[in-house]
Amino acid sequence: MLIAPNRIVKVHRPFTTSLSKPPSPQPPPPELTTIANLILSSEDQKSLAQTLHSLNQWTPNLVHSILKRLWNHGPKALQFFNALDCHPLYSHSSTAFDYAIDIAARMRDYRTIWALMHRMRTQKLGPTRKTFAIILERYVSSGKADKAVKIFLSMHEYGCQQNLSSFNSFLDVLCKSKRAEMAYKLLKIFRGRFRADVISYNVIANGFCLRKQTPKALEVLREMIERGLEPTLTTYNTLLMGFFRAGQLKEGWKFFLQMKKRKIDVDVVSYTTIVHGFGVVGEVEKAKKVFGEMVGAGVLPSVATYNAMIQVLCKKDSVANAIVIFDEMLRKGYIPNAVTYNLVIRGLCHAGKMELAIDYMNRMKDDCEPTIQTFNVIIRYYCNDGEIEKALELFKDMNGESVLPNLDTYNILISSMSVRKKSDDMLLAGKLLIEMVDRGYSPRKFTLNRVLNGLLVTGNQELAKYILRMQGKFGRLPRQFRL
DNA sequence: TTAGGGTTAG
């Protein structure tokens, strides 16, 4: 049986008072979906440009929303951007350029990135520090950290002067991509030039904590003190997280007690860190105890604290108890966010309660838009349960939603379509593969291999050949399929 | 978009 949205019974939440609930998020303006679908269905650049030019109500905000909506369809997003670039009345904002550059960078289309940067410059819109933050992040996350350093150091040649914040945000990008050592070296070289501050050091300490290198993080802490910089609450919370992350629960707890003893005003972030830290390693009772004690200590939990507790219960206790906490937060007037719903939905899927998970996805729409993770979780569990039809139905429904499928969505579906080695399944897997390439995603070698093999085994030589001919779109093919 | 807490399977 297929899931039809109108068959789903909506569960009403208990005890929600209208007093505590702000108005529901505004649904997107109808023209946004209409225009986005118009763009998605347009055949060629020329007719798209004509259609868009005939509309005159372009505002920067509408353009930003459409670029966001087309986020997971990079080629269409860029087509749209280019078609509007020669509009007689509208001209792109600096932010629209940043979006376009981010989209091109995500597709690793380096030529387009630099062409857009050049156009920004001729139109005197930048590139700005934000533009550089975007491309530096993309270079680092695609493994080109050395190139990123060169770009950072040459920013001024593009008319954009580096400052302390751009330096700090670059260090942060390196640290978040597990390049703490490299960031620390850069800090040592350039701390004089940029006047490194407490944020610079906090970023590096966090980088080592992410790599579970608490001794290095403590070394950074010592160094900042030696240099006359006063650690902040963020510094301590960073180290606290570092201990728990590295599995040093005793040290973490001792550190927390030290913080209190030294009259540091521990805050909701400190408590959330501990609740999560104890919980995810299975110390559910300790997590609950801290969660219960914080109010008495004068610190109110936030939505993030509830999320930590809900995650812990889903993972190490039961989804039923997680829902008790979920209901408690509603009763107290908190508005769950997408993270909250995704946690509960994942927990329900994991417990095999798929229908209830769908109910929660529908309830979610009162508070926030479902995210790509919402769809991917449900699609994944449907696939795992062998309910491929239901997964495909939800995948189809995504066309009318706020978010388009991403690389994960395609990987999940294609790999489960390839399990049975049935001809119809393989044809669909092949079509999905072509669609994902059209949308700017490069399939992994493994996925490509699997689909091509499956097509050949099931006698679908024609589609296999077609896919082989697309190779230019996503680079080198595995050896056995090379033409 | 200058730092700290909450989503992700294998």
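Reminder, nothing fancy here: chain letters follow the sequence lines and each chain counts from 1. Side-chain atoms are counted along with the backbone in the values below, which use heavy atoms only and exclude waters and symmetry mates.
Residue contacts shown for A/V268 include a base, since a base heavy atom lies under 4.0 Å away. Across all strands shown, A/I274 has no heavy atoms under 4.0 Å from either base or sugar-phosphate atoms. Using a 4.0 Å heavy-atom distance criterion, A/T232 is classed as a base contact. Residue contacts shown for A/R380 include a base, since a base heavy atom lies under 4.0 Å away. In this structure, A/Q373 reaches the bases: a heavy-atom distance under 4.0 Å links it to at least one base atom across the strands shown. Using a 4.0 Å heavy-atom criterion, one finds that A/V339 contacts the bases of the nucleic acid, with or without backbone contacts as well. Residue contacts for A/S302: at a heavy-atom cut-off of 4.0 Å it reaches a base atom on one of the strands shown. A/T305 comes within contact range of at least one nucleobase, with a heavy-atom separation under 4.0 Å. Looking at heavy-atom distances under 4.0 Å, A/N384 makes no contact with the nucleic acid at all. Residue contacts shown for A/V198 are absent, as no nucleic acid heavy atom lies under 4.0 Å away.
Listed nucleotides: B/dA3, B/dG5, B/dT2. Nearest to the side chain of A/N168: B/dT2. For A/K176, the listed nucleotide lying nearest its side chain is B/dA3; candidates were B/dT7, B/dA3, B/dA9. The side chain of A/L343 sits closest to B/dT8 out of B/dG5, B/dT8, B/dT1. In this structure, the nucleotide among B/dT2, B/dG6, B/dG5 sitting nearest to the side chain of A/N307 is B/dG6. Comparing B/dT7, B/dA3, B/dT2 by their nearest atom to the side chain of A/N202 picks out B/dA3. With distances taken from any side-chain atom of A/V203 to the nucleotides B/dT2, B/dA3, B/dT1, the minimum falls on B/dA3.
You won't find any donor-acceptor pair under 3.5 Å spanning the side chain of A/D267 and the base of B/dG5, going by distance alone. On a pure distance criterion of 3.5 Å, a polar donor-acceptor pair joins the side chain of A/T272 and the base of B/dG5.
At whole-Å resolution of the value, CG in A/N406 and P in B/dA9 are 15 Å apart. Nucleotide B/dT2 holds its P atom 9 Å from the NZ atom of A/K130, rounded to whole Å. What separates CG of A/L136 from P of B/dT1 is a distance of 16 Å, to the nearest Å. In this structure, CZ of A/F194 is placed 17 Å from P of B/dA3, rounded to the nearest angstrom. What separates CD1 of A/I335 from P of B/dG6 is a distance of 22 Å, to the nearest Å. The distance between atom CZ of A/F170 and atom P of B/dT2, rounded to the nearest whole Å, is 15 Å. Between the P atom of B/dG6 and the CG atom of A/L240 lies a distance of 11 Å, rounded to the nearest Å. The separation between A/L164 atom CG and B/dA3 atom C1' is 11 Å, rounded to whole Å.
Contact annotation: A/Q311 does not reach the phosphate of B/dG5 (side-chain N/O to OP1 or OP2, under 4.0 Å). OP1 or OP2 of B/dG6 sits under 4.0 Å from a side-chain N or O of A/H276. In this model, the phosphate group of B/dT8 is approached by a side-chain N or O of A/R346 to a distance below 4.0 Å at OP1 or OP2.
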Could you go step by step and tell me if A/Y110 and A/K144 meet the side-chain contact (heavy atoms from CB on, under 4.5 Å) rule? CA-CA 12 Å; A/Y110 298 101; A/K144 298 178 190 304; 3.1 Å; yes
Between A/Y271 and A/F291, does the ring pair (Phe, Tyr, Trp, His ring centres under 6.0 Å) criterion hold? Intermediate values first, please. CA-CA 7 Å; A/Y271 277 101; A/F291 184 69; 10.0 Å; no
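Taking the six-membered ring for Trp, A/F375 and A/F395 have ring centres at least 6.0 Å apart.
Applying the side chain to side chain contact (heavy atoms under 4.5 Å, CB included) test between A/P443 and each of A/L433, A/N449, A/L432, A/V451 identifies A/L433 as the sole match.
When only modelled atom types and interatomic distance are considered, A/Y306 and A/E328 share a side-chain donor-acceptor pair under 3.5 Å.
Note on A/D102 versus A/R106: no salt bridge recorded, every NZ/NE/NH1/NH2 to OD/OE distance being 4.0 Å or above. Of the charged side-chain nitrogens involved, none lies within less than 4.0 Å of a carboxylate oxygen, so that A/R222 and A/E226 do not count as a salt-bridged pair.
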